[in-house]
2 protein chains.
Amino acid sequence: MVESPKGRDELVEVAVDLFAKNGFAGTSIRDIAAAVGRSVSNVYHYFENKEALWLAILEYSVKALPEKLHAALADKQDPLERLTALVRAHLEASVQHHRESKIFFIDEERLSPMGKRANRRVQKEVLEIYVGEIERLKAAGIVRTDETKIMAFNVLGVVNWHLRWFRPVGKLKEEQVFNEIIGFIMRAVREAPPGS
Amino acid sequence: MVESPKGRDELVEVAVDLFAKNGFAGTSIRDIAAAVGRSVSNVYHYFENKEALWLAILEYSVKALPEKLHAALADKQDPLERLTALVRAHLEASVQHHRESKIFFIDEERLSPMGKRANRRVQKEVLEIYVGEIERLKAAGIVRTDETKIMAFNVLGVVNWHLRWFRPVGKLKEEQVFNEIIGFIMRAVREAPPGS
DNA sequence: CCAAGGATAGAACGATCGTTCGAGTTCGCG
DNA sequence: CGCGAACTCGAACGATCGTTCTATCCTTGG
């Protein structure tokens, strides 16, 4: 179904794989060139340097995440429904672009200031979407904490952590896993019932 | 308060810093040697190779985590109290050994099979502690899910994710942050109240 | 059919990597 | 004091790193 890409795109495609597997410092230009069966200089024909390739990946796939999340919210009104849809869209995007998502949340201190900034910008954007939704829930009286940002971090922790353990090939059906995660989050955001 | 360590210990101490900041592939033996103001060969006097140094760090600090968690559980009976104590101990240990904890959950595929195994073993041990507690809660009728492992992953996600954003120097008091996180988790593990 | 420019390759650069070696220095203990 | 062990160092090895250069090939428009 995926038509095999050529030229520049094929490089990005393969680089995503290797960066996700070995990190930025752990992946050499030669690794990437060898994986596409082309020469080292060919990589430099398309990208100014190693970091430009990293940024191209961010451009290519990861930056689409905030848009997907916004799209999932577009037609929902009820705050609880909105958060559910947000988390579900986030989980689906993470599984669909598993390798890219892993890159997105790698903490690469070896990037240039520009590379770091690009990474942080995407992360911050996603965080703000979650904070916005939690504040909606608070306005609706469902969430009671004053620390909406901490709660957003906690939700993001659950969502992102599943990149570390979830494998689509496992015996559990994806849908069931998603429902467990969503249920966990939706219980957590509500204030504890008074009678307990 | 920390007496400055000598010889081998000083190397471990500094290596923890650099590995946590730059990852395994991103930290060179020369970096470490320079940071302690000694020679490269001196590092090799104490450690067979780079990975032995990594394993020494695991030995030195991270492997103590499961013991700390067990200790926090030792004198508690009530399942809810137990999970609260477990999470709190985990958070405290993570903050206290912030750099080591970051290393612990770095996904370093560049390690040898032996190094990977050591990392995974610690992670698995911690996971099993959480699964055990969640199954206690299930036996007590508080948790209702059948997927106790998924729930354990979710809890670990929240706990570990705070390494990514929490800074002890922030304006929020550590105690307050901990309480927010613990509250989040304790709400999430209970089944939703029937009337909602 | 030929010129131009994109695509590709191979060789080489200086830097840095993990690691080894041999030789000094210091230290503890008889 | 003497001697072996522990410690420390600088130099060097081969491998690999990111990057550059030059030269071909292939395609394509006039």
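Residue numbering restarts at 1 for every chain, and letters A, B, ... go by the order of the sequence lines. Not measured: the values here are computed from a predicted model.
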Whether A:Phe166 and A:Phe178 hold their rings parallel, tilted or perpendicular, with breakpoints at 30° and 60°: tilted

For atom CD of A:Glu51 and atom C1' of D:dC17, their distance in whole Å: 16 Å

Distance test, side-chain N/O of A:Tyr46 to OP1/OP2 of C:dT8, below 4.0 Å: yes

For B:Ala35, all residues meeting side chain to side chain contact (heavy atoms under 4.5 Å, CB included), sequence neighbours excluded: B:Val14, B:Leu18

Protein-nucleotide distance (B:Arg38, atom CZ; D:dC9, atom C1'), rounded to Å: 12 Å

Nucleotide C:dT16, atom C1' - distance to NZ of A:Lys50 in whole Å: 13 Å

Sequence neighbours excluded, every pair satisfying side chain to side chain donor-acceptor pair (under 3.5 Å) that has a member inside residues 65-80 of chain B: B:Lys68-B:His97

Sequence-distant partners of B:Glu48, side-chain hydrogen bond (donor to acceptor under 3.5 Å, both in side chains), two or more places apart: none

Nearest-angstrom distance from the residue atom CH2 of B:Trp54 to C1' of C:dT19: 20 Å

Pairing residues for B:Ala140 by the side chain to side chain contact (heavy atoms under 4.5 Å, CB included) criterion, not counting sequence neighbours: B:Pro79, B:Ile142

Nearest-Å distance for atom pair CZ/P, residues A:Phe47 and C:dT8: 12 Å

Pairs touching residues 147-163 of chain A that satisfy side chain to side chain donor-acceptor pair (under 3.5 Å), sequence neighbours left out: A:Glu135-A:Thr148, A:Glu147-B:Gln176

Of B:Ser39 and A:Glu48, the one whose closest DNA chain D nucleotide lies more 5': B:Ser39

Separation of D:dC7 P from B:Arg8 CZ (nearest whole Å): 11 Å

Closest to the A:Ser28 side chain, choosing from D:dT20, D:dC17, C:dC17: D:dC17

Phosphate OP1/OP2 of D:dT8: any B:His45 side-chain N/O under 4.0 Å: no

Trace of the salt bridge (Lys or Arg N to Asp or Glu O under 4.0 Å) decision for B:Glu10 with B:Arg38: CA-CA 11 Å; B:Glu10 189 184 7; B:Arg38 303 220 290 279; 2.8 Å; yes

Nearest-Å distance for atom pair CZ/P, residues B:Phe24 and C:dC17: 13 Å

From C:dG18, D:dC9, D:dT20, nucleotide with atom closest to B:Ile29 side chain: C:dG18

Sequence neighbours excluded - side chain to side chain donor-acceptor pair (under 3.5 Å) pairs with any residue from residues 84-96 of chain B: B:Arg88-B:Glu175, B:Arg88-B:Asn179, B:His90-B:Tyr130

By side-chain hydrogen bond (donor to acceptor under 3.5 Å, both in side chains) - contacts of B:Ser28 (at least two apart): B:Asp31

Pick out the pairs of N or O atoms, protein on one side and nucleotides 22-24 of chain D on the other, that lie under 3.5 Å.
none

Would you tabulate the pairs of protein nitrogen or oxygen atoms and nucleotide nitrogen or oxygen atoms of nucleotides 12-15 of chain C closer than 3.5 angstrom?
unit_1, atom_1, unit_2, atom_2, d
C:dA12, N6, A:Arg30, NH2, 3.4

Separation of atom OH in B:Tyr44 from atom P in D:dC7, rounded to whole Å: 18 Å

